[in-house]
Amino acid sequence: MDGSSADFALYTGGGRIIHQLTSRNYELWPSKSYQKLLSRFTNSIIKSKNPETVISPNVNVGDCWCFNGTKGQIAIKLSRSIVLTHVTYQHISREVSIDPILSAPYEFELWGLPTSTSASTGGGGGDSGKGEVELEEKNSLGIFKNDFKFFLGSYQYDINGSPTQTFTLPDSIAKSNKRINAIMMRVKSNHENPPFTCLYRLQVHGVMPQ
């Protein structure tokens with residue numbers, strides 16, 4: 001948690017990575033051809049941890065997910081369908097990092113996958129249950145398509161600020177009361193580290209409509 005709000009992206013709480021819509025893990029291979037051949041036997045390829053790290057609570061040096069370059073994305077199926085209010089991004093601090101934290105994200109956008117309301121939920125009894133099942137199945141299928149078209153705002157992470165920074169959605173977006181069941185973080189740039197970008201922890205907060 002961010003200290004006061006439930007985290008609907010948390011892996012142990014039911015959040016899941018949508019791998020089809022998430023950038024590939026960073027890998028660093030040896031530069032010379034003979035080294036590349038040997039690396040298959042010596043395990044000398046540097047590989048990033050899996051993206052599930054981003055929705056897990058441990059924030060220690062090296063416990064992060066990295067992707068190639070300065071632009072990438074991570075898509076997360078939330079544990080509940082919520083009206084988003086704010087997100088929290090946490091990186092390691094300069095004090096505990098051995099190297100400069102230039103690989104931290106700088107500019108990023110958030111996009112949401114709204115919960116569909118087009119499926120009929122019926123008037124009660126068995127029809128209501130059937131409608132809920134149909135709605136859930138429709139959402140599950142839709143999550144694996146690139147339908148993240150509901151813009152949730154642009155933000156900047158300041159590496160000179162607190163390691164944990166909370167970003168509140170603009171009122172115009174928050175007041176739409178649109179329920180979201182998945183979120184995509186699109187990183188547009190980092191702090192001038194061209195080879196790779198690393199993400200430590202993303203938390204997603206909101207309210208569950210009655």
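Count residues from 1 along the sequence. Because only heavy atoms are used, hydrogens play no part in the values below, and waters and symmetry mates are left out as well, while side chains stay in.
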> By side chain to side chain donor-acceptor pair (under 3.5 Å), which residues pair with Arg179, not counting sequence neighbours?
Replying inline: Ser81

> Side chains of Asn181 and Lys77: does their closest heavy-atom pair fall under 4.5 Å?
Replying inline: no

> Which value, rounded to the nearest 0.5 Å, describes the distance between Ile74 atom CD1 and Met184 atom CE?
Replying inline: 10.0 Å

> What closest approach, in Å, do Ser48 and Asn25 show between heavy atoms, and which atom pair accounts for it?
Replying inline: O-ND2, 4.1 Å

> Does anything in residues 82-115 pair up under disulfide bond (SG atoms under 2.5 Å apart), and if so which pairs, sequence neighbours excluded?
Replying inline: none

> Which residue pairs pass the side-chain hydrogen bond (donor to acceptor under 3.5 Å, both in side chains) test with at least one member in residues 95-104, sequence neighbours excluded?
Replying inline: Ser93-Glu95

>> Within this structure, what is the CZ-CG distance for the pair Phe148 and Leu113, rounded to the nearest 0.5 Å?
In response: 5.0 Å

>> So which atom in Ser23 and which in Trp65 form the shortest heavy-atom distance, rounded to 0.1 Å?
In response: O-CZ2, 3.3 Å

Using distance only, find each side-chain donor-acceptor pair of residues 53-64 under 3.5 Å and give its atom names and separation, not counting sequence neighbours.
| unit_1 | atom_1 | unit_2 | atom_2 | d |
| --- | --- | --- | --- | --- |
| Thr53 | OG1 | Asn50 | O | 2.8 |
| Ser56 | OG | Glu52 | O | 2.9 |
| Asn60 | ND2 | Asp63 | OD2 | 3.4 |

> What residues, two or more places apart in sequence or in another chain, satisfy ring-ring contact (aromatic ring centres under 6.0 Å, His included) together with Phe108?
Replying inline: Tyr155, Phe167

> Judged by modelled atom types alone, do Thr197 and Thr70 share a side-chain donor-acceptor pair under 3.5 Å?
Replying inline: no

> How far does NE2 of His91 sit from CG of Leu199, to the nearest 0.5 angstrom?
Replying inline: 8.0 Å

>> Tell me the closest heavy-atom pair linking Lys71 and Lys188, and the distance in Å.
In response: CG-O, 3.3 Å

>> Taking side-chain contact (heavy atoms from CB on, under 4.5 Å) as the definition, give me every residue that meets it alongside Arg80, ordered by chain and number, with sequence neighbours left out.
In response: Phe8, Ile82, Met208

>> If the condition is ring-ring contact (aromatic ring centres under 6.0 Å, His included), which residues does Tyr157 pass it with, not counting sequence neighbours?
In response: Tyr89

> Which residues, ordered by chain and number, are linked to Val83 in its hydrophobic cluster, where ILVMFWY side chains connect at heavy-atom gaps below 4.5 Å, directly or through other members?
Replying inline: Val207

>> Minimum heavy-atom separation for His205 and Thr88, please, with both atom names.
In response: NE2-OG1, 2.9 Å

> Under the side-chain contact (heavy atoms from CB on, under 4.5 Å) test, which residues partner Arg94, sequence neighbours left out?
Replying inline: Ile101, Ile159, Asn160

> Do any pairs count as a disulfide bond (SG atoms under 2.5 Å apart) and have a residue in residues 166-210, sequence neighbours left out, and if so which ones?
Replying inline: Cys66-Cys198

> How many angstroms lie between atom CD of Gln203 and atom CD1 of Ile76, to the nearest 0.5 angstrom?
Replying inline: 10.5 Å

>> Nearest 0.5 angstrom please: Ile173 CD1 to Leu84 CG, how far?
In response: 9.5 Å

> What pair of heavy atoms forms the shortest contact from Phe67 to Arg24, and how long is it?
Replying inline: CB-O, 3.5 Å

> So, for Asp7 and Arg201, which heavy atoms are closest and what is the spacing to 0.1 Å?
Replying inline: OD2-NH2, 3.0 Å

> Would you find a donor on one side and an acceptor on the other, under 3.5 Å apart, between the side chain of Gln73 and the backbone of Leu21?
Replying inline: yes

> Among all residues two or more places apart in sequence or in another chain, which pass the side-chain contact (heavy atoms from CB on, under 4.5 Å) test with Ser189?
Replying inline: Tyr106, Glu107

> Has the side chain of Glu109 got a donor or acceptor atom that lies under 3.5 Å from a matching backbone atom of Phe151?
Replying inline: no

> Which pairs count as side-chain hydrogen bond (donor to acceptor under 3.5 Å, both in side chains) when at least one residue sits in residues 167-177, sequence neighbours excluded?
Replying inline: none

> In Å and rounded to the nearest 0.5 Å, what is the CG to CG distance from Leu10 to Leu78?
Replying inline: 11.5 Å

>> Are the side chains of Asn190 and Pro105 in contact, using a 4.5 Å heavy-atom criterion?
In response: no

> Step by step, would you call Trp111 with Phe150 a ring pair (Phe, Tyr, Trp, His ring centres under 6.0 Å)?
Replying inline: CA-CA 6 Å; Trp111 293 81; Phe150 185 57; 8.9 Å; no

